[in-house]
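Reckoned from all heavy atoms, side chains included, excluding hydrogens, waters and symmetry mates.
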Amino acid sequence: MRWDGQKVAAAGGEALPGLALANLVRSVRTPDFAGVTFHEVLCRSALNKVPAASQMPFRWTVNPIRGCLHACTYCFARPTHEYLDLDAARDFETQLVVKTNVVDVLRAELARPSWRREHVAMGTNSDPYQRAEGRYGFMPGIVDALVAHGTPLSVLTKGTLLRRDLPLLADAAREVRVGIGISLAVLDDELHAELEPGTPTPRARLQLVRAVRDAGLPCGVMVAPVMPWLTDSTEHLDALLGALADAGASGVTILPLHLRGPVKPLFLGWLARYRPALVPRYEELYGSRAYAPDAYGRWLRDRVAPLLERHGFGDRSGHRAGRTAPEREGAYPVGSMPAATPDVAAPAMAQPTLF
C-alpha cells in the first residue's frame, strides 16, 4: 500500500502482541498520525455473526478497523483490545488493527449462495468513519458490496468523514434499506475536548445530521452516554435536544453512562484529573457496578420525557432509561436502523455488539 517506506514490522518480523498470526502483513507509522501504529492484517472473514442470544436488531456486523482514534474516555469498546493482549487505554487509541483485504473478503462472502441478505451493521465496535478511513478508504467498497448483493445496512458514527459518502449512501438507499446513526452526547466545547479529544466538534456533528437529512437519508441520534453531574442537567439536555430537532434528526435515544471493566478506572482517572470533586460521587453512585442504579435511570427518564415531547421526539425515541438489563442501555433511535420508520421505533436492545 502507500506506506512501504514507513514499515516498523513486516511478515516474518515482529508480531503484533496477542495475535502471533501469519496474517500480520506489516506494522506502519506515518507523520500524519503521530504516535499511532497501524497493524495491517489479512482477515479470513469480514462478516461477524452476532450471537443468537443477543437482542440486537441485526445478526451481522463488519468492522474494518479495531481500535479507534476518537479516544473517547468512556468508550464501551475499549475492553475488546484486551483480546489482542493490548491495553484498553492508550493502546486502544494508538495501536490500530487494519483489515486491508476486508472489501474483497466481504464480496466473496456475500456472493455465497447461503447469504440471506440480512441487515449488516457498521460502527458496532470502532467507528467506521474515524480519521483512519480517510487513509484506507474501505467504506465505499463495503457499501458497494452490500448494495450489489441486496443487503440492508446501517452505519453508526461520530465521524464527519461520512459526508464524503453521502451521495453513495443516498444511491444505496434506492436499492436497499439504509439506516444512519450519529452519536452526540456533549454540547459543551470544553467538555467535549476533554472527553472526546479525537472526535469532530459538537457543531460539526450537528451539521452532519443536517447534511444526512438534506441527502434524503434518515438520521437517528444517540445521546450517549449521559454522564451524571456532567451532561444530565435539564439545561444541557434541553439545549442538545433542541439543536438536534433543528438539525432534523429522525429520532433520539438517551442512554445513561455505563462503566464496564477497564473503562471504569480509566473514567475515574479522567474525573480525578478534570473534575476531582465528582470522584466520590461517582464511586458512591456506581460502587462495584458497571451501571448506575435503576433509581438514576428512572430519574433520568422522568427528566428527559417532557424534553423529548417538547422537541418532537416523544414518539420517535427508543428511550428506555431505568429498565433492567439488557434494556437499561436503551434502544436505537428511529432512522438509525434500516427497518425503522417514523411510525415504528426500533425494538429495545442491549449495548451495541462488540463484534
Side-chain angles (χ1 to χ4, degrees), residues 17 33-37 66-96 125-127 130-131 158 183-202 205 222-237 239-240 254-300 303-304 321-322 325 328-330 351-352 354:
F33 294 85
V36 177
T37 302
R66 296 184 67 172
C68 191
L69 298 174
H70 283 162
C72 300
T73 307
Y74 52 74
C75 181
F76 75 91
R78 284 180 175 274
T80 64
H81 240 46
E82 295 183 338
Y83 304 158
L84 306 174
D85 284 349
L86 297 167
D87 69 55
R90 185 66 175 163
D91 285 350
F92 182 78
E93 306 164 10
T94 62
Q95 305 291 322
L96 272 62
N125 187 351
S126 55
D127 198 310
Q130 61 176 291
R131 195 161 59 94
K158 294 177 181 176
S183 177
L184 177 57
V186 180
L187 200 56
D188 178 80
D189 288 332
E190 180 180 355
L191 183 60
H192 157 260
E194 294 168 349
L195 270 172
E196 310 169 338
T199 64
T201 66
R205 275 180 274 170
M222 284 184 145
V223 176
V226 173
M227 291 163 278
W229 303 294
L230 289 170
T231 61
D232 64 351
S233 70
T234 299
E235 293 76 16
H236 177 269
L237 292 169
L240 179 54
I254 312 293
L255 293 88
L257 175 71
H258 67 278
L259 300 169
R260 288 179 179 161
V263 180
K264 179 180 283 187
L266 186 66
F267 189 82
L268 291 177
W270 177 89
L271 282 175
R273 180 179 179 184
Y274 290 100
R275 303 290 192 279
L278 290 181
V279 172
R281 302 176 78 175
Y282 268 78
E283 289 176 337
E284 181 179 0
L285 184 65
Y286 283 87
S288 61
R289 301 176 297 270
Y291 299 90
D294 286 346
Y296 177 83
R298 291 191 294 271
W299 174 88
L300 181 62
R303 167 162 287 190
V304 167
R328 74 169 82 197
E329 293 174 52
Q351 174 64 39
L354 300 181

Where the side chain of Arg303 meets the backbone of Asp232, is there a donor-acceptor pair that is under 3.5 Å apart? yes

Ignoring hydrogens, what is the shortest heavy-atom contact between Pro225 and Tyr74? Give both atom names and the distance. CD-CE1, 3.3 Å

Contact summary for Ala77 and Thr80, nearest pair of heavy atoms: O-OG1, 2.7 Å

Roughly how far, to the nearest 0.5 Å, is CZ of Phe92 from CG of Leu69? 9.5 Å

Heavy-atom distance under 4.5 Å between the side chains of Tyr286 and Pro228, does that happen here? yes

For the residue pair Val263 and Pro79, what are the closest heavy atoms and their distance? CG2-CD, 3.8 Å

Is a side-chain N or O of His192 found less than 3.5 angstrom from the main chain of Pro200, in a donor-acceptor match? yes

Where the side chain of His70 meets the backbone of Glu196, is there a donor-acceptor pair that is under 3.5 Å apart? no

Least distance between heavy atoms, Pro197 atom then Ala71 atom: CD-O, 3.4 Å

Specify the closest pair of heavy atoms between Ala88 and Leu266, including all atoms of both residues, with the distance to one decimal. O-CD2, 4.4 Å

Donor-acceptor contact present, side-chain Gln130 to main-chain Gly198, <3.5 Å: no

Is Tyr291 close to Arg260 at the side-chain level, that is, under 4.5 Å between some pair of heavy atoms? yes

Under 6.0 Å from the CZ atom of Arg289, do we count more than 12 heavy atoms belonging to anything else shown? yes

To the closest 0.5 Å, what do you measure between CG (Leu184) and OG1 (Thr201)? 9.5 Å

Nearest 0.5 Å, please: how far is CZ in Phe76 from CG in Leu259? 13.5 Å

Side chain of His258, backbone of Ala290: donor and acceptor closer than 3.5 Å? no

From Asp87 CG over to Glu93 CD, what is the distance, rounded to the nearest 0.5 angstrom? 9.0 Å

Roughly how far, to the nearest 0.5 Å, is the CE atom of Met227 from the OG1 atom of Thr231? 4.0 Å

Keeping the roles fixed (side chain from Arg78, backbone from Ala89), state whether a donor-acceptor pair exists under 3.5 Å. yes

Could you tell me if the side chain of Leu195 sits less than 4.5 Å from the side chain of Cys72, heavy atoms only? no

Side chain Arg205, main chain Ser183, donor-acceptor under 3.5 Å: yes

Measure across Val226 and Val223 and return the closest heavy-atom pair with its distance rounded to 0.1 Å. CG2-O, 3.9 Å

Steps toward side-chain contact (heavy atoms from CB on, under 4.5 Å) verdict (Leu230, Leu271): CA-CA 10 Å; Leu230 289 170; Leu271 282 175; 4.2 Å; yes

Give a yes or no on whether the backbone of Gln95 and the side-chain of Asp91 come within a donor-acceptor separation of less than 3.5 Å. no

Pairs in or reaching into residues 267-283: which pass side chain to side chain donor-acceptor pair (under 3.5 Å), with residues at least two apart or in two chains? Glu194-Arg275

Flag side-chain contact, heavy atom, 4.5 Å: Leu257 against Phe267: yes

Given side chains that start at C-beta, do those of Leu237 and Leu300 come closer than 4.5 Å, heavy atoms only? yes

